[in-house]
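Read through the structure below, which is laid out as structure tokens, and then see the notes.
The shown structure was predicted, so the numbers you read here are calculated from the model rather than taken from an experiment. Every chain is numbered from 1, with letters handed out A, B, ... down the list of sequences.
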Amino acid sequence: MTKASKKRLHMVQHHERCKGCGFCILECPKEALSVSDDVNRKGYPLVKLDEEKCIVCAICHTVCPDYVFERREVA
Amino acid sequence: MAQKLIPELLVEDNKFCPGCGHGIVNRVLAEVLEELGLADKAVGSLAVGCGCLMMDTFGTDWVQAPHGRAAAVAVGVKRVRPECCVFTYQGDGDSLAIGFSETMYAAIRNENITAIIVNNGIFGMTGGQMAPTSLPGQRTTTSPKGRDAALTGQPLNIINQMKNLPVGYLARGSVDTAKEINKVKKYIRTGIETQMKGGGYSMIEILSPCPTNWKMTLQNSLDHIRSTVRATYPLGEFVKDGERTDA
Ligand SMILES: Cc1ncc(C[n+]2csc(CCOP(=O)(O)OP(=O)(O)O)c2C)c(N)n1
Ligand code: SF4
Ligand code: SF4
Ligand code: SF4
Ligand SMILES: [Mg+2]
């Protein structure tokens, strides 16, 4: 993956859909995801994404049962 | 790298429990239908079980059948509307206990539909009773000491029941890792393509966690599928284009 392609795309999170199952944290190959202290409206702790570590592989999108992650072009 | 957006067919947030495999299967199915240009031509048939929660959240047309009979209803829809992409979406309890006959006869007649069977090894919606797919020794609310195979039989491997029939496509996947989820997507796509080219009956069974009724964390549920469930239910394609691939 080139630096340029990494810049064009990023992961967007729809935090309000998260149910806190942790599948994304288990499967992220770069340990870029962790549980934060904040919660969403359902009361589930938000998943925090470290952009420095993230390689935009979208594995989190693949495993999330609740459609939280999208890989989008940077606006 | 391409964008990966949430499919438009997922019109509402799903209503499944945290970590439920149904949510993953829903997303993959929606992606396949959209990528094949079938979103407006797809008709789903479901009966009872947690899959029924999709009627409010998954934007295809739906028909609800009596308990277990989704395949019979799907066959009727497909025969009168052959241009539609007709699929069933059922759990293991619904499709393989009370609905075993309808599930099997659709395969025996090589009906041109696609069956999706989400195998979590129990009756999930009703609180975790033993299903035909429950493993020997598996504790459920109706087998509190563990399933006694001498009394209730061995777990039902539906692909073994079907693979000698003249069917189009049979595969078994699992949602326990990203890699396997990508294979599930390939299997569902191949099953639906088989139907749309008139290739006969296609069935994709998907091993899926029910952390709520397994009374396990998601991590333990995924480990359990990888270490134990897959030994009874091996993954892969078993029939492709009407030919056994494992013979
Ligand atoms: C006629 C009838 N009998 C029994 C039930 C109760 N019931 C609801 S869901 C279900 C089985 C669900 O198990 P499964 O098909 O494996 O789906 P899951 O929820 O595990 O995904 C049963 C027996 C019902 N809804 N209707
Ligand atoms: S895109 Fe890949 S690296 Fe980034 S958070 Fe998701 S799984 Fe981790
Ligand atoms: S996989 Fe999805 S629902 Fe589960 S914790 Fe991660 S973002 Fe939340
Ligand atoms: S009861 Fe089990 S199958 Fe049903 S939604 Fe909850 S986790 Fe999923
Ligand atoms: Mg079930």
Side-chain angles (χ1 to χ4, degrees), chain A residues 1-36 39-47 49 51 53-75, chain B residues 1-31 50 53-54 57-59 118 120 173-186 206 208-212 214 216-223 225-226:
Chain A
M1 188 190 346
T2 65
K3 265 239 152 88
S5 70
K6 185 175 171 181
K7 274 218 174 99
R8 276 195 310 110
L9 294 158
H10 68 154
M11 299 309 295
V12 174
Q13 286 169 278
H14 302 279
H15 287 292
E16 70 285 359
R17 293 193 187 130
C18 177
K19 295 179 191 152
C21 71
F23 203 168
C24 56
I25 298 173
L26 292 172
E27 284 288 291
C28 173
K30 293 291 166 186
E31 294 182 10
L33 299 173
S34 58
V35 183
S36 85
V39 295
N40 65 11
R41 262 177 297 168
K42 296 178 196 155
Y44 294 111
L46 302 189
V47 172
L49 191 155
E51 300 234 1
K53 292 184 181 168
C54 177
I55 55 166
V56 203
C57 65
I59 283 175
C60 47
H61 164 93
T62 301
V63 301
C64 176
D66 288 288
Y67 331 139
V68 169
F69 295 92
E70 290 187 294
R71 183 163 68 195
R72 282 188 173 270
E73 281 169 14
V74 180
Chain B
M1 282 198 299
Q3 296 201 103
K4 278 194 182 284
L5 308 180
I6 302 304
E8 289 176 13
L9 274 175
L10 302 172
V11 290
E12 300 271 349
D13 298 352
N14 73 52
K15 302 176 183 181
F16 307 120
C17 306
C20 177
H22 276 296
I24 299 169
V25 180
N26 277 210
R27 199 202 74 248
V28 166
L29 174 62
E31 285 177 1
C50 288
L53 298 168
M54 287 167 77
T57 65
F58 195 99
V118 178
N120 55 20
S174 174
V175 296
D176 62 60
T177 56
K179 191 173 145 214
E180 294 303 333
I181 293 167
N182 288 332
K183 287 192 205 162
V184 166
K185 181 168 177 181
K186 191 184 91 180
I206 300 151
S208 176
C210 172
T212 302
W214 291 4
M216 290 181 189
T217 62
L218 178 66
Q219 179 157 22
N220 288 347
S221 304
L222 299 169
D223 288 345
I225 295 178
R226 294 189 282 253

query = Do B:Met1 and A:Arg8 pass the side chain to side chain contact (heavy atoms under 4.5 Å, CB included) test, and can you show the C-alpha distance, the side-chain angles, and the key distance before you say yes or no?
reply = CA-CA 9 Å; B:Met1 282 198 299; A:Arg8 276 195 310 110; over 6 Å; no
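Options A:Ile59, A:Leu26, A:Thr62, A:Val12 differ in how many heavy-atom pairs under 4.5 Å they form with chain B, and the most are formed by A:Thr62. Ranked by non-hydrogen atom pairs under 4.5 Å with chain A, the options B:Lys185, B:His22, B:Arg27, B:Lys179 are led by B:Arg27. Annotation: maximal heavy-atom pairing with chain B below 4.5 Å, among A:Ala58, A:Cys21, A:Gly22, occurs at A:Cys21. Counting heavy-atom pairs under 4.5 Å between each of B:Gly19, B:Ala178, B:Pro211 and chain A puts B:Ala178 at the top. With respect to chain A, the highest number of heavy-atom pairs below 4.5 Å among B:Asn182, B:Asn26, B:Leu222 belongs to B:Leu222.
Contacts with chain B (heavy atom to heavy atom, under 4.5 Å) involve these residues of residues 63-72 of chain A, listed by number: A:Val63, A:Cys64, A:Pro65, A:Asp66, A:Tyr67, A:Phe69, A:Glu70, A:Arg71, A:Arg72.
With a 6.0 Å radius and a threshold of 12 heavy atoms from other residues, nucleotides or ligands, A:Lys42 has its NZ atom above the threshold.
Interface residue B:Thr177: backbone and side-chain heavy atoms are both found under 4.5 Å from chain A. Heavy atoms closer than 4.5 Å to chain A are found in the backbone of B:Val175, but not in its side chain.
Shown here are the salt bridge (charged side-chain N to carboxylate O under 4.0 Å, His left out) partners of B:Lys186, two or more places apart in sequence or in another chain: there are none. Under the rule for a side chain to side chain donor-acceptor pair (under 3.5 Å), A:Glu27 has no partner lying at least two apart in sequence or in another chain.
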Under 3.5 Å donor-acceptor pairs involving side-chain atoms of residues 3-12 of chain B, not counting sequence neighbours:
from, atom 1, to, atom 2, distance (Å)
B:Gln3, OE1, A:Glu73, N, 2.6

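Considering only heavy atoms from C-beta on, A:Lys19 comes within 4.5 Å of B:Asn14 through its side chain.
The shortest non-hydrogen separation linking A:Phe23 to B:Asp176 is CZ-O, 3.7 Å.
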